[in-house]
Amino acid sequence: MYDPERGWSLSFGGSGFLGLYYVGVTRCLSERAPYLLHNASKIFGSSAGALHAATFLSGIPLDRVLQIILDLTWKARRRNLGVLHPSFNIGKCLRDGLQEHLPDNVHQLISGKISISLTRVSDGKNVLVSDFQSKAEVVDALLCSCFIPFYCGLIPPAFRGVRYIDGGFSDNLPLADVKTTITVCPFYGEFDICPKIKSTNFLHVNITNFSFRLCLRNFYLLSRSLSPPDFKVMREICLRGYLDACRFLEENGTSLCWVVPAAHLLSDLLSVPEFVLRRGRLRLGEWPPLLLVKTDLSLSPPGLAEAMRDRRGYLSRLSSLLSVRVMSYVMLPCTLPVESAIALLHRLLIWLPNIPDDIQWLQWATSQVCARMMTCLLPSSRRAFDSLAIMRFPHFHGEHVFPSASQNDSY
């Protein structure tokens, strides 16, 4: 929560392809209350939240970030099977995008200002990373924070020689202090900035510091975070973030009003009675709790309209026609084997430089699985397997095979 006397920080939770929500939130805060962003002591992030925090602190314009996310969404949806298509490699897309768009001195811009949530593979403990020595370390940390096993690949990436996976598995909403951290999340729950719903359903599940309301809308959003929705819904998610941030500002003493250009048009846009809008201004407290903005770009918040326009070419729009998509599904049994073979060959070529290290890590991981299984069956054999693992794989001994570390480490 925002506390001007004790200082404050921001925390963006993991959200997958719903990261456009954070663009809308940041746009609103930068326009209405920029001090909340620039004077925050630290910005925490996990998975997509870490990506957004890094791009914001590195000075990349929000319009450009918005277009990058939309381009990634289009790449994921242009194939019939979406993210499950063999030719779609989300890890490579993220690495290429980070290498291209992050400035060369990004490690100097974000060190000490960001905390990226990682989950260490060897023991499942959470690690918060704040200091970086190079751009390559920043990219490695962000890729580790976004890696979901089997969804992004089989072999986890490494940061400073240690394997990590998505920070959401251990701490999906990292924070320093509950009372001074503004939490942001696109899911319905107990967060400072999030979609609000008035319901008698009080069922929540708290998983890895993440309060998840058990409702149908949240399950829909969860599915959309892994499988991106269409372009229209993505724009609605961005606008939703803008409006939720406006509500947060009003609830914390910032009096905001959005001038209504045309009462009858905005009445349909916001699904509120027209007589409420005839007063000339719409107070944020009067917005309906189930508001989901329709994407009429002429009535979008300032600065978002141009950035959210569909910039795909005519060929891309032609391929989205129903008749073309039906034909592509009909030909899928013929085209999928060829595309799968090409994609497999391409991944093998990319994997070649990392084969020795990855094979060694796979052997170590296999030995650990066998050791744990034998420990369950024969508890007295644990020490022998530990010694054998250290002798065979001394390089991985620093990953704490059977650690007793604290729940949350940081460096």
Completion exercise
dist Phe56:CZ -> Ser30:OG (nearest 0.5 Å) comes out at 7.0 Å
Exercise for the section: Would you check if there is a donor-acceptor pair between the side chains of Thr119 and Asn126 at a distance under 3.5 Å? Expected result: no
Handout entry: Working for salt bridge (charged side-chain N to carboxylate O under 4.0 Å, His left out), residues Lys92 and Asp96
Key = CA-CA 6 Å; Lys92 183 178 183 302; Asp96 292 345; 2.7 Å; yes
Exercise for the section: For side-chain contact (heavy atoms from CB on, under 4.5 Å), just list the numbers for Phe248 and Ile182, CA-CA rounded to whole Å, side-chain angles, deciding distance to a tenth of an Å, and then say yes or no. Expected result: CA-CA 10 Å; Phe248 167 80; Ile182 302 174; 3.9 Å; yes
Handout entry: Derivation of the side-chain contact (heavy atoms from CB on, under 4.5 Å) call for Ser145 and Phe159
Key = CA-CA 10 Å; Ser145 184; Phe159 173 71; over 6 Å; no
Handout entry: Separation of Ser117 OG from Leu128 CG (nearest 0.5 Å)
Key = 5.5 Å
Practice task
Kindly check if the number of other-residue, nucleotide or ligand heavy atoms within 6.0 Å of NZ (Lys113) is above 12?
Solution key: no
Exercise for the section: Mark yes or no for whether Ser225, through its side chain, and Leu222, through its backbone, hold a donor-acceptor pair below 3.5 Å. Expected result: yes
Handout entry: Heavy-atom donor-acceptor pair, Arg77 side chain to Pro228 backbone, under 3.5 Å
Key = yes
Practice task
State, with a plain yes or no, whether a side-chain heavy atom of Leu221 is found less than 4.5 Å away from one of Leu18.
Solution key: yes
Fill in the blank from the handout: Nearest heavy-atom approach of Cys152 to Ile90 is SG-CG2, 3.8 Å
Exercise for the section: Mind checking the CG-CD1 spacing from Asn105 to Ile110? Nearest 0.5 Å is all I need. Expected result: 10.5 Å
Practice task
Taking the side chain as every heavy atom from C-beta outward, state whether Lys135 and Gln99 have any atom pair closer than 4.5 Å.
Solution key: yes
Handout entry: Distance-only donor-acceptor check, side chains Ser130 and Ser115, under 3.5 Å
Key = yes
Problem - Trp8 (side chain) donor-acceptor with Ser41 (main chain) under 3.5 angstrom - result: no
Practice task
For ring-ring contact (aromatic ring centres under 6.0 Å, His included), just list the numbers for Phe212 and Phe219, CA-CA rounded to whole Å, side-chain angles, deciding distance to a tenth of an Å, and then say yes or no.
Solution key: CA-CA 10 Å; Phe212 187 85; Phe219 287 111; 5.7 Å; yes
Practice task
Please confirm whether the backbone N or O of Leu173 pairs with a side-chain atom of Ser46, one donor and one acceptor, at under 3.5 Å?
Solution key: no
Problem - Donor-acceptor contact present, side-chain Ser11 to main-chain Pro174, <3.5 Å - result: yes
Problem - Side chain to side chain, Pro149 and Ile165, heavy atoms closer than 4.5 Å - result: yes
Exercise for the section: For the pair Ser9 (side chain) and Ala40 (backbone), establish whether a donor and an acceptor sit closer than 3.5 Å, ignoring hydrogens and angles. Expected result: no
Practice task
Search all heavy atoms of Val106 against all heavy atoms of Ser58 and return the closest pair with its distance.
Solution key: CG2-CB, 3.8 Å
Exercise for the section: For residues Cys28 and Leu243, determine if any side-chain heavy atom of one lies less than 4.5 Å from a side-chain heavy atom of the other. Expected result: no
Exercise for the section: Scan side-chain atoms only and decide if Ser47 and Asp166 contain a donor-acceptor pair under the 3.5 Å cut-off. Expected result: yes
Exercise for the section: First locate atom CD1 of Ile237, then atom CZ of Arg224, and finally report the distance between them rounded to the nearest 0.5 Å. Expected result: 9.0 Å
Handout entry: Check against side-chain contact (heavy atoms from CB on, under 4.5 Å), Arg32 and Tyr242
Key = CA-CA 11 Å; Arg32 312 281 181 169; Tyr242 188 99; 3.4 Å; yes
Handout entry: Any side-chain heavy-atom pair of Tyr164 and Val129 under 4.5 Å
Key = no
Problem - Candidate pair Tyr21 and Asp244, rule side-chain hydrogen bond (donor to acceptor under 3.5 Å, both in side chains), full reasoning - result: CA-CA 9 Å; Tyr21 183 88; Asp244 288 339; 2.7 Å; yes
Fill in the blank from the handout: In terms of heavy-atom contacts, Ile116 and Ile114 come closest through CG1-CD1, 3.9 Å
Practice task
Compute whether any side-chain donor of one residue and acceptor of the other, for Asp63 and Gln67, lie under 3.5 angstrom apart.
Solution key: no
Practice task
Answer yes or no: does atom CG of Leu216 have more than 12 heavy-atom neighbours from other residues, nucleotides or ligands under 6.0 Å?
Solution key: no
Practice task
Could you tell me whether Asp140 and Arg95 have a side-chain N and a carboxylate O separated by less than 4.0 Å?
Solution key: yes
Problem - Minimum side-chain heavy-atom gap Leu66-Leu20 below 4.5 Å - result: yes
Handout entry: Side-chain donor/acceptor of Asn218 to backbone N/O of Phe187, under 3.5 Å
Key = no
Fill in the blank from the handout: Here the pair of heavy atoms bringing Arg64 nearest to Ile60 is CD-CG2, 3.9 Å
Handout entry: Least distance between heavy atoms, Ala76 atom then Phe17 atom
Key = CB-CZ, 4.1 Å
Exercise for the section: Check whether any side-chain heavy atom of Val83 sits under 4.5 Å from a side-chain heavy atom of Tyr151, and report yes or no. Expected result: yes
Exercise for the section: First locate atom CG of Leu51, then atom CG of Leu94, and finally report the distance between them rounded to the nearest 0.5 Å. Expected result: 6.0 Å
Problem - Over all atoms of both residues, closest heavy-atom pair of Thr181 and Leu10 - result: CG2-C, 4.3 Å
Practice task
Please find out if less than 6.0 Å separates the ring center of Phe169 from that of Phe147.
Solution key: no
Practice task
State, yes or no, whether a side-chain contact exists between Glu137 and His107 at a heavy-atom distance under 4.5 Å.
Solution key: no
Exercise for the section: Could you label the plane-to-plane angle of the Tyr22 and His52 rings as parallel, tilted or perpendicular, counting under 30° as parallel and over 60° as perpendicular? Expected result: tilted
Practice task
Determine, stepwise, if the pair Ile148 / Leu226 fulfils side-chain contact (heavy atoms from CB on, under 4.5 Å).
Solution key: CA-CA 10 Å; Ile148 301 177; Leu226 299 176; 4.0 Å; yes
Exercise for the section: With rounding to the nearest 0.5 Å, note down the distance linking CD in Glu250 to CZ in Arg247. Expected result: 9.0 Å
